[in-house]
Amino acid sequence: MSRALPSLLVALAACGPPTTPASPPTPTPATATAAPAPTPPPAAVPAFVVATDCEPATRAAAKVLAEGGHAADAAIVAVLVAGLAHPSSSGLGGGGLALTFDATTGEPKGYDFRITAPESLEKGSPWTLNAPPEARVGRPGELAGLTALQAHAKRSWARHIEDAIAVAADLKVTPHLSRMLAAHPEMGAAFGLPTGRMVEPGTPLSRPKLVATLRKLADLDAAIPASFAPGAVTEIPLLQAERDGRQVITTSSAGGHVLWESLSLLPAALPTEPVARRHLLAEAFGLAVEDRMRHAGAGGHLPLSKTQLEARRALLDPKRHRPIPAAPHDEGGTTNITIVDADGNAVVWSSSLGHSFGAGVVTEEGIVLNDGLSLFARPAERRRFGDANAPRPGAAPAVSLAPTLVVRDGAVVAALAASGGEHVPTALAQVVLRLDDDDPVAAPRLRTPVAGGLWLEAGEAELAPGLRARGHHVRADLADHTGVVMVTLGAGGRRGFVDPRRGGANAISPPAASAE
């Protein structure tokens, strides 16, 4: 990699912030009197920034961008590589949402390629996680999402496939995949890995069946198995909130609505006192989550009107907690990619298998199938919040994915996305509110789970008494594995952030002066 990209800075989150490239070796004194030949100038490397939660995907995207590729080219390759390297949370058997930004026109677009229910699903039937794995598999949408990105790309689809397959020859188990296999040891055998013991990071990872499938997919006109055939991809409406003179743009998904409503409810000036600030955040998040649970369903969720928003804002009590109805709810198995290329074009991609390793089913083509239908509302949710997210034939369940762009003066200043199920939008909101901090991604975050309560990370345990005095039921030992990835562009240069809670990698080129 270093020979191909001499000025590329690649940093792994597990090793801390981006590192400065090593100093060149001290030249050996010349023994001849002749003047040395002039050193040719280094090849120009386009300016770009990438951050993903999958290190091999970051490296693959950086290579495409260093060769002059568009953000869409890099994103397609990164998604394909993530499917190879992170079968617990990514792949052609899943679906999701994406945002693009065209630097020439200043136009953002959102794409919806979520997992959908088969038309054979009985309308209104109850849904539980106790159903057999095959019954939880929805129609995948990832391939359809990639074809939407291809419309923005410079390079051919076949070349993207070639670039992804080239990475497969040297795949290793990443720290994230190692953790997921420890939690799901039965899945190791599906990838030629040992079961019953820890699979260490760095263990060779071979995906021959998936590589063979990708080779066939180089021709999109070829017959594609129904198990991962392209579902529908549609352009999804976008939501926009104003914060600190910036436009925060996200998708009108369930997660996007929580992010939008949270930012819209909060006052322009937040309290600086830590307990008061966290209380107000938790109250805004609780209102937004309650609205998501009551109204966000298969057809999406339109934003509240100005009058409705004012009525919700009036419920924010700076001194007392307002509980919301509790219900069980969980999601997981997500991959996120954020890219801004040398011309300022951006792609934010969030895709999911539903839960880690989806339904736990791997096809003969090497595809990990989703369990996306389990994201429809369960009976307990429907009793408390209604039927907005009830199972419906052909429908997509509500998801917490919320790919997000932050724009100022017609240019992208940040692109971010997160994993972590129901906590995705509130994690993103907290990062957006701290964009001017030195490291807004690593900063402590709180959670307001649908099941009830307020969770603090262990480093903020001293705030628990003050929050309990306001009526919160506080857990102060949260081991948060929500993972935010973000790239920013501003006066301080280009920066890439990966969450120390999950890991990943960023790549910046040329190396930014602000990178430490």
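One-based numbering along the sequence shown.
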Query raised in the report: Can you check whether Leu97's main-chain N or O pairs, donor with acceptor, with Asp112's side chain at less than 3.5 Å?
Result: no
Open item on the list: Salt bridge or not between Asp170 and Lys172? Use side-chain N to carboxylate O under 4.0 Å.
Closed with: yes
- Task: Give a yes or no on whether a salt bridge exists between Asp291 and Arg312, defined as a side-chain N under 4.0 angstrom from a carboxylate O.
- Result: yes
- Message: We want to know whether Thr58 and Thr52 form a side-chain donor-acceptor pair, criterion being a heavy-atom distance below 3.5 angstrom.
- Response: yes
Indicate yes or no: does Arg215 engage Glu162 in a salt bridge with an N to O separation below 4.0 Å.
no
| said: So does Val258 get a backbone contact from the side chain of Ser262, meaning a donor-acceptor N/O pair under 3.5 Å? | reply: yes
Which of His160, Lys154, Arg155 passes side-chain hydrogen bond (donor to acceptor under 3.5 Å, both in side chains) with Asp73? It is His160
Applying salt bridge (charged side-chain N to carboxylate O under 4.0 Å, His left out) to Arg408 and not counting sequence neighbours gives none
Is a side-chain donor-acceptor pair under 3.5 Å present for Ser419 with Arg502?
yes
| field | Flag, side chain of Asp499 to backbone of Arg501, donor-acceptor distance under 3.5 Å | value | yes
ask   = Between Phe357 and His184, how do the two ring planes meet: parallel, tilted or perpendicular, split at 30° and 60°?
value = perpendicular
Query - Gln308 side chain to Ser305 backbone, donor-acceptor under 3.5 Å - result: yes
* Do the ring planes of Tyr111 and His152 sit parallel (below 30°), tilted (30 to 60°) or perpendicular (above 60°)? -> perpendicular
Side-chain contact, heavy-atom cut-off 4.5 Å: Val487 with Ile508? no
Practice problem: Kindly say whether Ala402 contributes a backbone atom to a donor-acceptor pair with the side chain of Thr404 at under 3.5 angstrom? | Solution: yes
